[in-house]
S.K.: 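Dumping the structure here so I can ask a few things about it.
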Amino acid sequence: MAPIISPAFFICQLFLLSIPLILNKGWVPAKKNIFLVLPNPFYFGGSITIKQKLKNMKTKQILLMMVCSFIFFSCKKEKDETPACGISMDGLAGSYKLIKMQYKASAGAAPVDFMNYLEECQLDDITTLYSNGTYKYDDRGSVCDPSESEDGVWVVKDKTIASEGIINGTVESYDCKTLVYYMADVLVEGDKLTFTAEKQ
């Protein structure tokens with residue numbers, strides 16, 4: 001009885017024979033009694049020897065692997081370096097020191113430095129926002145009397161920060177280091193009080 005050749009075995013053999021075709025485009029000359037054109041693994045054309053051709057193929061494969069590796073690691077590095085500092089609980093979490101507070105009575109009014117209205121003991125205070133929704137205001141350095149340290153909860157939604165205490169307003173900009181937010185209609189309608197806090 002003749003051995004039975006499974007379709008899977010035939011397909012595998014055909015695939016292996018096709019590899020040189022893909023790489024080198026060599027063909028066995030068609031014959032009248034052959035209805036299937038098969039790739040010739042030993043035809044390379046020209047005067048290039050088989051040894052030289054295999055060497056060239058190996059070099060191309062190494063170069064291809066190097067290019068693919070470079071692209072993969074470049075994409076991974078770019079992804080890893082993307083700053084996770086969006087306007088969210090996780091992105092805003094951190095310790096901040098107020099470095100600027102500016103008030104404008106109207107859009108066209110000259111800005112007024114409101115840092116001059118703070119007490120000396122308030123200039124070195126730190127506000128820490130935690131990603132779990134709690135915050136801590138730490139009366140550091142020169143402590144006020146009585147101390148203004150406090151704890152509370154905060155939340156951010158649609159770029160608006162709301163808390164029980166000192167930090168409230170709409171985020172104007174945030175670059176992972178400097179947080180700028182403002183409050184509108186504080187003293188009169190149309191006014192704007194802008195805070196700039198730096199991450200410590």
Side-chain angles (χ1 to χ4, degrees), residues 61-200:
Q61 291 173 352
I62 293 174
L63 290 174
L64 181 61
M65 291 175 64
M66 290 175 64
V67 171
C68 291
S69 298
F70 175 78
I71 294 173
F72 173 77
F73 286 110
S74 296
C75 294
K76 186 176 186 298
K77 183 178 180 181
E78 182 179 352
K79 183 178 179 181
D80 292 342
E81 290 179 352
T82 302
C85 59
I87 303 174
S88 62
M89 302 291 284
D90 289 329
L92 293 173
S95 298
Y96 297 87
K97 181 180 179 180
L98 184 67
I99 60 172
K100 187 177 181 180
M101 185 164 57
Q102 200 172 70
Y103 176 79
K104 294 181 71 173
S106 64
V112 178
D113 185 4
F114 260 36
M115 293 291 284
N116 294 328
Y117 295 97
L118 295 180
E119 298 291 337
E120 188 72 24
C121 61
Q122 296 175 314
L123 298 177
D124 54 5
D125 297 348
I126 300 293
T127 301
T128 302
L129 303 177
Y130 299 99
S131 58
N132 63 2
T134 62
Y135 77 88
K136 181 179 181 180
Y137 179 74
D138 192 3
D139 190 351
R140 289 189 181 180
S142 178
V143 181
C144 298
D145 186 18
S147 174
E148 296 181 348
S149 295
E150 65 176 23
D151 300 281
V153 296
W154 73 288
V155 68
V156 60
K157 184 178 181 181
D158 299 330
K159 294 187 176 183
T160 299
I161 302 173
S163 74
E164 299 175 335
I166 196 169
I167 183 166
N168 291 281
T170 301
V171 177
E172 187 170 88
S173 65
Y174 179 53
D175 62 0
C176 299
K177 178 66 176 178
T178 304
L179 172 64
V180 180
Y181 62 100
Y182 67 89
M183 297 175 66
D185 304 330
V186 180
L187 302 178
V188 295
E189 186 176 352
D191 69 357
K192 185 179 180 181
L193 182 60
T194 304
F195 304 84
T196 302
E198 192 171 76
K199 214 167 193 179
Q200 302 299 294

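Numbers here simply count residues along the sequence, with the first being 1. Values below: all heavy atoms of this structure, side chains included; hydrogens, waters and symmetry mates excluded.
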S.K.: Can you give me the closest heavy-atom contact between Ser131 and Ala93, atom names plus distance?
M.R.: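 Closest approach of Ser131 to Ala93, heavy atoms only: N-CB, 3.8 Å.
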S.K.: Is there a donor in the side chain of Ser88 and an acceptor in the side chain of Asp90, or the other way round, less than 3.5 Å apart?
M.R.: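 Short answer, no.
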S.K.: Atom CD of residue position Glu172 - does it have more than 12 heavy atoms of other residues, nucleotides or ligands inside 6.0 Å?
M.R.: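 Correct, the count exceeds 12.
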S.K.: Within a 6.0 Å radius of atom CG on Asp185, are there more than 12 heavy atoms belonging to other residues, nucleotides or ligands?
M.R.: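 Check passes, neighbour count above 12.
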S.K.: To the closest 0.5 Å, what do you measure between OG1 (Thr178) and NZ (Lys100)?
M.R.: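 Interatomic distance, Thr178 OG1 to Lys100 NZ, rounded to 0.5 Å: 11.0 Å.
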S.K.: Output the distance between atom CD1 (Ile161) and atom CE (Met183), rounded to the nearest 0.5 Å.
M.R.: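 It is 11.5 Å, given to the nearest 0.5 Å.
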S.K.: Answer yes or no: is there a side-chain heavy-atom contact under 4.5 Å between Leu98 and Gln122?
M.R.: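 Not in contact.
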S.K.: Under 4.5 Å between any side-chain heavy atoms of Tyr103 and Leu187, yes or no?
M.R.: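 Yes; the side chains approach each other to less than 4.5 Å.
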S.K.: Could you check whether any side-chain N or O of Tyr135 sits under 3.5 Å from a backbone N or O of Ile167, counting only pairs where one atom can act as donor and the other as acceptor?
M.R.: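 The answer is no, because no donor-acceptor pair under 3.5 Å joins these two groups.
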S.K.: Rounded to the nearest 0.5 Å, what separates atom SG in Cys144 from atom CG in Leu123?
M.R.: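 It comes to 9.0 Å.
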S.K.: Tell me, do Met101 and Leu193 make a side-chain contact under 4.5 Å, heavy atoms counted?
M.R.: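 Side chain of Met101 against side chain of Leu193, heavy atoms only: contact under 4.5 Å found.
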S.K.: I'd like to know if the side chain of Lys97 and the backbone of Glu198 have a donor-acceptor N/O pair within less than 3.5 Å.
M.R.: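 No; judged by distance alone, with no hydrogens or angles, the pair does not exist.
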S.K.: If only atom types and distance count, is the side chain of Asp139 paired as donor or acceptor with the main-chain N or O of Ser149 below 3.5 Å?
M.R.: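 Checked: no pair found.
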S.K.: Could you grab the distance from atom CD1 of Ile87 to atom OG1 of Thr170, nearest 0.5 Å is fine?
M.R.: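 OG1 of Thr170 is found 10.0 Å from CD1 of Ile87.
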S.K.: Are the side chain of Lys192 and the backbone of Gln102 linked by a donor-acceptor contact shorter than 3.5 Å?
M.R.: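 Checking the backbone N and O of Gln102 against the side chain of Lys192, no donor-acceptor pair under 3.5 Å is found.
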S.K.: Please check if the side chain of Tyr174 supplies one atom and the backbone of Gly91 the other of a donor-acceptor pair under 3.5 Å.
M.R.: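 Yes; judged by distance alone, with no hydrogens or angles, the pair exists.
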S.K.: Return the CG to NZ distance between Leu92 and Lys159, rounded to the nearest 0.5 Å.
M.R.: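 Rounded to the nearest 0.5 Å, the CG-NZ separation comes out at 11.5 Å.
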S.K.: NZ of Lys136: more than 12 outside heavy atoms within 6.0 angstrom?
M.R.: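 No, NZ of Lys136 has 12 or fewer neighbouring heavy atoms, counting only those of other groups under 6.0 Å.
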S.K.: If I take atom CE from residue Met89 and atom NZ from residue Lys157, how far apart are they, to the nearest 0.5 angstrom?
M.R.: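 Met89 atom CE to Lys157 atom NZ measures 12.5 Å (nearest 0.5 Å).
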S.K.: Please identify which of these residues, Thr127, Thr128, Asp151, Asp125, meets the side chain to side chain donor-acceptor pair (under 3.5 Å) condition with Tyr137.
M.R.: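 Only one of Thr127, Thr128, Asp151, Asp125 forms a side chain to side chain donor-acceptor pair (under 3.5 Å) with Tyr137, namely Asp125.
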S.K.: Please report the shortest heavy-atom distance between Ala109 and Ala105, naming the atom on each side.
M.R.: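 Nearest pair, atom of Ala109 first, then Ala105: CB-N, 3.9 Å.
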S.K.: Would you say Trp154's side chain and Asn168's backbone share a donor-acceptor pair under 3.5 angstrom?
M.R.: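 No, because the side chain of Trp154 does not come within donor-acceptor range (under 3.5 Å) of the backbone of Asn168.
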S.K.: Give a yes or no on whether the backbone of Thr160 and the side-chain of Asp158 come within a donor-acceptor separation of less than 3.5 Å.
M.R.: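 Such a contact is absent between Asp158 side chain and Thr160 backbone.
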S.K.: Taking the basic N atoms (NZ, or NE/NH1/NH2) and the acidic carboxylate oxygens, is any pair closer than 4.0 Å for Arg140 and Asp138?
M.R.: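 Looking at Asp138 together with Arg140, the answer is yes, because their closest N to O distance falls below 4.0 Å.
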S.K.: What are the two closest non-hydrogen atoms of Tyr182 and Thr194, and how far apart are they?
M.R.: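 Where Tyr182 meets Thr194 most closely, the heavy atoms are CB-OG1, 3.9 Å.
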